[in-house]
Amino acid sequence: MLIATEPVPPLGGHPLAMFLVQVVLLLLVATLLGRLAARCSLPPIVGELMTGIVLGPSLLGHTLPQVSDWLFPDVPEQAHLLDAMGQFGVLLLVGLTGLQMDTQLIRRRAATAIRVSLPGFVIPLGLGIAAGCLLPAAMLAEGSDRTVFAAFLGIAMCVSAIPVIAKTLMDLGLLHRNVGQLILISGTVDDVLGWLGLSVVTAMATSGLDAGSLVRTVVFLVLFVAGAALIGRPLVHRAMRATAGSAEPGVTLGVAVALVIAFSAITHAIGFEAVFGALVAGVLIRGAGKDVLTRLAPLRTFVVAVLAPVFFATAGLRMDLTALADPTVLVTALVLLAIAVLGKFAGAFIGAWASGLSRWEAIALGAGMNARGVVEVIVAMVGLRLGVLNTAMYTVIVLIAVATSLMGPPILRRAVGRIELTAEEELRRSELRSTLHKDDLKPVEQA
């Protein structure tokens with residue numbers, strides 16, 4: 001005999017109303033501050049992160065606590081609604097990052113890119129791990145393992161952010177310069193290494209540090225990458241190319257989103273971070289051809305203009321800048337910022353020297369790859385969710401993401417201005433000029 005069960009009641013009433021109010025407020029303020037940052041020649045992510053700072057405990061919560069408590073009540077179920085929307089947005093954003101990775105270009109400049117990117121990855125990684133081992137216990141989350149914390153901090157120090165790098169190069173009109181191309185390729189290598197490292201550290205945090213689990217993590221990682229390359233690649237290409245024959249572009253968007261989420265679910269299920277699966281899915285979808293990429297343009301617009309700002313604003317809500325009033329937290333922030341910046345610049349200089357590049361090219365590489373923006377925010381969010389980071393350390397890491405994204409453009413502009421323009425770059429600029437919109441020509445002409 002079947003027993004009738006009551007259906008799960010739909011979301012409604014006050015929780016739904018508050019969720020809608022939160023999304024409207026976060027999106028409008030993030031869009032406004034993002035445009036304001038862009039007018040100041042800064043990456044929009046800076047303004048979007050400032051949204052959470054303005055509306056979160058750092059400002060609104062400190063000056064008008066009753067209004068803050070009403071807008072963002074400390075209720076897990078309410079916070080989970082924003083988290084779910086933010087996670088969906090960040091998976092699609094990382095998938096779009098995969099779409100921007102030119103694997104053919106990486107193969108052509110692989111040797112130089114590896115010589116530049118590896119020192120820029122390994123040096124800050126080692127410095128971050130060392131700092132994690134030496135930081136005061138007060139900076140660790142309650143119950144956090146010191147080894148996992150140190151490894152996590154190392155990953156946070158060594159990552160680069162391809163979306164921020166690409167946008168910065170575009171805004172400054174440097175995509176046609178050889179050093180701009182090299183920054184993008186080397187940043188891509190660091191980006192991939194960072195996602196792999198984040199997945200391994202996440203697995204360490206969730207399944208422990210014993211040798212058996214670490215071996216299983218590496219085996220699962222190799223199997224996933226091999227499966228994606230040998231089985232997933234032809235299946236994804238076939239599926240995406242089939243949608244390109246449809247008269248309705250929405251079919252292509254729907255299948256692409258489904259693939260990104262499916263790969264994310266797979267990596268999450270085998271113990272890795274979901275964003276790694278999203279990145280792999282984006283890379284595979286890119287190989288389906290230009291027709292598919294053209295059809296996905298509306299998806300990029302929606303993610304960048306709507307979902308991503310909400311995610312970054314939500315990330316800022318968890319920052320509490322009043323924590324910097326504690327001398328221990330303030331000193332930690334300054335030391336880690338110095339480690340992050342000096343580690344990247346030292347790594348870029350060593351890599352450039354090994355590749356025979358000039359001093360100014362090395363400085364430009366360091367400035368470009370130093371931008372951590374999107375990726376470091378995601379790393380911080382993962383650490384907070386896993387209980388590896390407390391609020392103070394989360395605030396410090398997100399501050400580093402903002403600071404490094406701020407310092408990149410002026411240093412890049414000055415360094416590249418000292419590098420002589422070559423005939424190859426002139427030709428590339430002419431080709432780029434023919435593909436750009438009229439409003440985008442000015443920075444290219446000035447570079």
Side-chain angles (χ1 to χ4, degrees), residues 94 97-98 100-101 103 105-107 109-133 149-166 168 179 181-204 217-218 221 225 272-273 275-276 279-280 283 336-355 357 361-380 382-383 397 400-401 403-405 407-408:
V94 173
T97 301
Q100 298 172 15
M101 291 189 175
T103 53
L105 190 62
I106 292 173
R107 283 195 292 267
R109 302 291 298 274
T112 303
I114 290 174
R115 282 196 296 268
V116 171
S117 62
L118 282 184
F121 183 87
V122 172
I123 291 176
L125 174 67
L127 292 175
I129 291 175
C133 293
F149 172 80
F152 202 92
L153 187 59
I155 292 297
M157 293 297 100
C158 68
V159 295
S160 296
I162 284 298
V164 174
I165 293 172
T168 300
V179 70
Q181 297 277 313
L182 189 56
I183 289 171
L184 197 58
I185 299 170
S186 301
T188 299
V189 176
D190 271 11
D191 211 9
V192 172
L193 291 175
W195 290 124
L196 291 173
L198 178 60
S199 296
V200 172
V201 173
T202 299
M204 292 167 60
T217 297
V218 175
L221 179 62
V225 174
F272 297 109
E273 189 55 38
V275 289
F276 178 57
L279 182 74
V280 172
V283 173
L336 292 182
L337 178 60
I339 287 174
V341 174
L342 294 177
K344 269 299 182 192
F345 272 90
F349 187 87
I350 292 172
W353 175 77
S355 303
L357 301 179
E361 287 173 320
I363 293 174
L365 282 163
M369 295 173 62
N370 189 43
R372 290 164 169 84
V374 178
V375 179
E376 191 159 30
V377 172
I378 295 172
V379 170
V382 171
I397 291 177
I400 293 172
T404 53
S405 298
M407 64 179 64

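Annotation for G128 and L153: closest pair O-CD2, 3.7 Å, computed over non-hydrogen atoms. Heavy-atom minimum distance, G194 versus I155: O-CG2, 4.1 Å. When every heavy atom of A403 is checked against every heavy atom of L337, the shortest pair comes out as CB-CD1, 4.0 Å. The two residues S160 and D190 make their nearest non-hydrogen contact at OG-OD2, 3.8 Å. Here the closest non-hydrogen pair linking L336 and A131 is CD2-CB, 3.9 Å. Across every non-hydrogen atom of G343 and P124, the tightest pair is O-CD, 3.7 Å.
Using a 4.5 Å heavy-atom threshold, the side chains of F152 and L198 count as touching. Inter-residue side-chain proximity for L221 and F276 is flagged as met; some heavy-atom pair is nearer than 4.5 Å. Between M407 and V341, some side-chain heavy-atom pair lies under the 4.5 Å cut-off. Between V159 and I378 there is no side-chain heavy-atom pair separated by less than 4.5 Å. For the pair I350 and I123, the minimum side-chain heavy-atom distance is below 4.5 Å.
Here the CD1 atom belonging to I363 is positioned 12.5 Å from the CG atom belonging to L357, to the nearest 0.5 angstrom. Rounded to the nearest 0.5 angstrom, L342 CG and M157 CE are separated by 12.0 Å.
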**Request:** Evaluate the side chain to side chain contact (heavy atoms under 4.5 Å, CB included) criterion for residues V379 and I397: first the C-alpha distance (whole Å), next the side-chain angles of each, then the deciding distance (0.1 Å), finally the verdict.
**Result:** CA-CA 9 Å; V379 170; I397 291 177; 5.6 Å; no
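Residue F349 places its CZ atom among 12 or fewer non-hydrogen atoms of other residues, nucleotides or ligands, all under 6.0 Å distant.
S186 contributes no side-chain N or O that, together with a main-chain N or O of I183, makes up a donor-acceptor pair within less than 3.5 Å. Within the 3.5 Å criterion, the main-chain N or O of G120 finds a donor-acceptor partner in the side chain of K344.
Of the candidates I129, V122, L125, L127, L125 is the only one forming a side-chain contact (heavy atoms from CB on, under 4.5 Å) with C158.
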